[in-house]
Amino acid sequence: MSLRIYNTLSGQKEGFKPVNPGEVKMYVCGVTVYDRCHIGHARAGVVFDFVFRALQHLGYAVTYVRNFTDVDDKIINRAAERGISCDALVEENIAAFYEDMDALHLLRPTYEPRATRYIAQMLAMIQTLIDKGMAYESGGDVFFAVSKFPEYGKLSKKNVDDLESGARVSVNESKRDPLDFALWKAAKPGEPKWPSPWGEGRPGWHIECSAMGKDLLGEAFDIHGGGKDLVFPHHENEIAQSHGACGKPPVSYWMHNGFVNINKEKMSKSLGNFFTIREVLQKFDAEVIRLYLLGTHYRSPIDFADAYLVEARRHLDRLYATADRAKQMIGARTNPVPGSIEKRLVAEIEDDFNSATVVALLSEVAGKINAEADLIDKKKGDIHDLAGLYAAFQTIGGLLGIFNRPPAEYLADAKRKHLAEIGMTGDEVAAAITRRAEARKAKNFAEADAIRKQLEEKGIEVKDSATGSWWSVNR
RNA sequence: GGCACCGUCGCCAAGUGGUAAGGCCGAGGACUGCAAAUCCUCUAUCCCCGGUUCGAAUCCGGGCGGUGCCUCCA
């Protein structure tokens with residue numbers, strides 16, 4: 001087997017052939033920093049973080065670029081609304097972006113370029129397009145002439161004639177054709193601006209990615225990703241610009257992640273049904289969010305609702321309980337990941353980065369760990385086998401970006417949070433357990449069971465073992 | 001109107017030609033004073049109708065239902 005990637009361009013999975021053997025160059029569209037990030041950004045972030053980790057697991061040397069769009073209408077408008085400078089708004093939101101994405105355990109990309117630092121490269125590309133007759137200046141604006149690029153529409157499977165006839169294409173007097181899009185916009189008073197051969201202005205939205213991708217990854221690189229909503233017009237236009245300027249397709253594989261819905265409704269600002277990442281993080285652990293997000297294949301839509309997150313939290317709690325049990329038993333012993341598990345892991349990754357089946361594999365390994373631990377309890381198991389399974393557990397978890405904390409710590413934290421929620425202290429629980437132990441000692445099982453039932457109703461499960469009673473949360 | 005996509009167990013969700021992963025919930029068993037945790041076992045023939053094929057959830061056609069894009073958007 002080898003890596004297969006679903007390519008939006010062809011609409012099917014294709015065998016992966018990197019431009020340079022052993023290397024992967026990947027560009028993922030980041031965010032426009034005019035506001036805080038929402039869970040849609042979280043999904044894109046987590047999905048491509050998984051792809052990044054997965055490619056590295058497969059042994060590729062990965063160069064990962066994720067940009068910041070720091071000049072744009074929305075930024076200008078928002079800054080004006082708030083009465084602050086665009087710079088201040090941008091810096092504020094980039095800082096917030098890192099807080100959110102770091103919290104979600106996203107690995108930092110190799111490069112995180114900002115559009116405004118690549119104006120020179122954009123100007124050069126625009127000039128090339130003009131020189132080739134694929135772009136034209138009009139009243140200080142520069143437009144890409146879509147009619148000069150025959151393959152336009154290939155990515156989004158759109159027919160130029162259908163688009164032409166559509167009534168929703170914006171009309172702009174200075175355009176020769178309604179489909180043409182801006183490469184450069186003449187500056188309006190008060191807007192950020194840079195000098196150019198066509199007068200002062202600022203770049204159009206799409207050109208930044210073409211310029212930065214080319215500058216950092218070359219004229220033809222391997223993977224370009226982003227949300228499904230970017231297929232048209234953003235990526236379609238990017239292809240037109242880059243291919244037009246460089247004379248060859250800029251990207252081999254286009255990957256697009258599906259949307260996040262909220263309670264089965266499309267998430268949108270107009271419906272007011274979006275959540276920021278920080279809002280969700282107040283309620284759920286970042287790893288719960290990752291586990292939930294990665295439990296669905298990246299191309300499928302995913303529904304976001306508290307009930308699903310609660311389910312995922314339960315799942316994660318159990319995985320950590322398993323990890324804790326294994327860790328306590330093996331101590332410092334180590335053993336390599338069993339070949340059969342590694343083989344399956346690779347197979348799942350290679351099948352278009354199927355994180356859902358990787359999550360399934362993790363659950364299966366959890367079962368094996370507990371089974372082996374049960375055997376060891378009965379003096380029939382092999383501690384080294386357990387250590388190998390635990391190594392596999394860690395490896396798979398690491399790929400998913402979970403298990404960032406020692407299990408004991410996670411479990412203690414879960415207890416602490418739960419106690420705070422039900423308004424009890426650990427001492428109170430301990431006292432109740434002591435009373436129950438005394439009742440049991442006196443064979444007063446009715447009393448003992450009553451105490452346990454009371455705790456159970458608060459989500460506290462008392463468990464008896466040979467060495468005494470202990471408890472855990474069931475939230 | 002144009003173009004894509006989707007419809008799998010109570011819920012979530014893999015699987016894209018060879019007789020249905022996993023999670024949550026549920027049932028039975030082992031274990032337990034009783035439980036819990038854990039382990040074992042069990043629970044679907046894949047929206048409907050045709051067709052192709054030795055064989056289809058997986059391919060083709062039609063229907064019904066849902067979604068997205070076509071405008072800033074992860």
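Chain identifiers are assigned alphabetically (A, B, ...) following the order of the sequence lines, protein sequences preceding nucleic acid strands; residue numbering begins at 1 within each chain. What you see is a predicted model, and the numbers here were worked out from it, not measured in a lab.
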Self-check item: Phe259(A) ring over A74(B) six-membered base ring, under 5.5 Å and 30°
Solution: no
Quiz prompt | Cationic tip of Arg313(A) above Tyr308(A) ring, under 6.0 Å, 45° of axis | solution = no
Practice problem: Would you mind classifying the nucleic acid contact of Gln12(A) as base, sugar-phosphate or nothing, using non-hydrogen atoms under 4.0 angstrom? | Solution: nothing
Quiz item: Within the modelled atom types, does a donor on one side and an acceptor on the other bring the side chain of Arg452(A) and the base of A35(B) under 3.5 Å apart?
Solution: yes
Quiz prompt | Watson-Crick or G-U wobble mate for A27(B), both contacts under 3.5 Å | solution = U41(B)
Quiz item: Does a distance-only test, which skips hydrogens and angles, find a donor-acceptor pair under 3.5 Å between the side chain of Asp303(A) and the base of C12(B)?
Solution: no
Quiz item: Taking any strand in view, what nucleotide pairs with C46(B) in a Watson-Crick or G-U wobble way, both distances under 3.5 Å?
Solution: none
Quiz prompt | Complementary nucleotide for G55(B) - Watson-Crick or wobble, under 3.5 Å | solution = none
Exercise. Ignoring backbone atoms, establish whether Asn370(A) has a side-chain N or O less than 4.0 Å from OP1 or OP2 of C39(B).
Key: yes
Exercise. Find out whether the Lys NZ or Arg CZ of Arg66(A) is both under 6.0 angstrom from the six-membered ring centre of Tyr111(A) and within 45° of the ring's axis.
Key: no
Quiz item: Between U67(B) and Asn261(A), is there an OP1 or OP2 to side-chain N/O distance shorter than 4.0 Å?
Solution: no
Quiz item: Do you know which of His224(A), His206(A), His256(A) makes ring-ring contact (aromatic ring centres under 6.0 Å, His included) with His234(A)?
Solution: His206(A)
Practice problem: Measure up the His38(A) and Phe274(A) rings against each other and bin them: parallel (under 30°), tilted (30 to 60°), perpendicular (over 60°). | Solution: perpendicular
Quiz item: Is any N or O donor-acceptor pair between the side chain of Asp351(A) and the base of G15(B) shorter than 3.5 Å?
Solution: no
Self-check item: Euclidean distance for C1', G17(B) against C59(B) (whole angstrom)
Solution: 8 Å
Quiz item: Are OP1 or OP2 of A14(B) and a side-chain N or O of Ser300(A) less than 4.0 angstrom apart?
Solution: yes
Quiz item: Ignoring hydrogens and angles, does a donor from either the side chain of Glu311(A) or the base of G23(B) sit under 3.5 Å from an acceptor on the other?
Solution: yes
Exercise. With heavy atoms under 4.0 Å as the rule, sort Glu461(A) into base, sugar-phosphate or nothing.
Key: sugar-phosphate
Quiz prompt | Identified pairing partner of C69(B), criterion: Watson-Crick or G-U wobble below 3.5 Å | solution = G2(B)
Quiz item: Between the side-chain atoms of Arg314(A) and the base atoms of G23(B), is any donor-acceptor pair under 3.5 Å?
Solution: no
Quiz prompt | Contact under 4.0 Å: Lys453(A) side-chain N or O vs C34(B) OP1/OP2 | solution = no
Practice problem: Mind checking Gly45(A) for me? I need base, sugar-phosphate or nothing, with any heavy atom below 4.0 Å counting as a touch. | Solution: nothing
Quiz item: Looking for any heavy atom pair under 4.0 Å, which part of the strands does Gly30(A) touch: base, sugar-phosphate only, or nothing?
Solution: sugar-phosphate
Quiz item: Hey, is the side chain of His41(A) poking within less than 4.0 Å of OP1 or OP2 on A74(B), counting only N and O atoms?
Solution: yes
Quiz item: When we call it a touch if two heavy atoms are under 4.0 Å apart, what does Arg318(A) touch: a base, just sugar-phosphate, or nothing?
Solution: sugar-phosphate
Quiz item: Looking at Phe259(A), is Lys266(A) sitting on its ring face, NZ or CZ under 6.0 Å from the six-membered ring centre and within 45 degrees of the normal?
Solution: yes
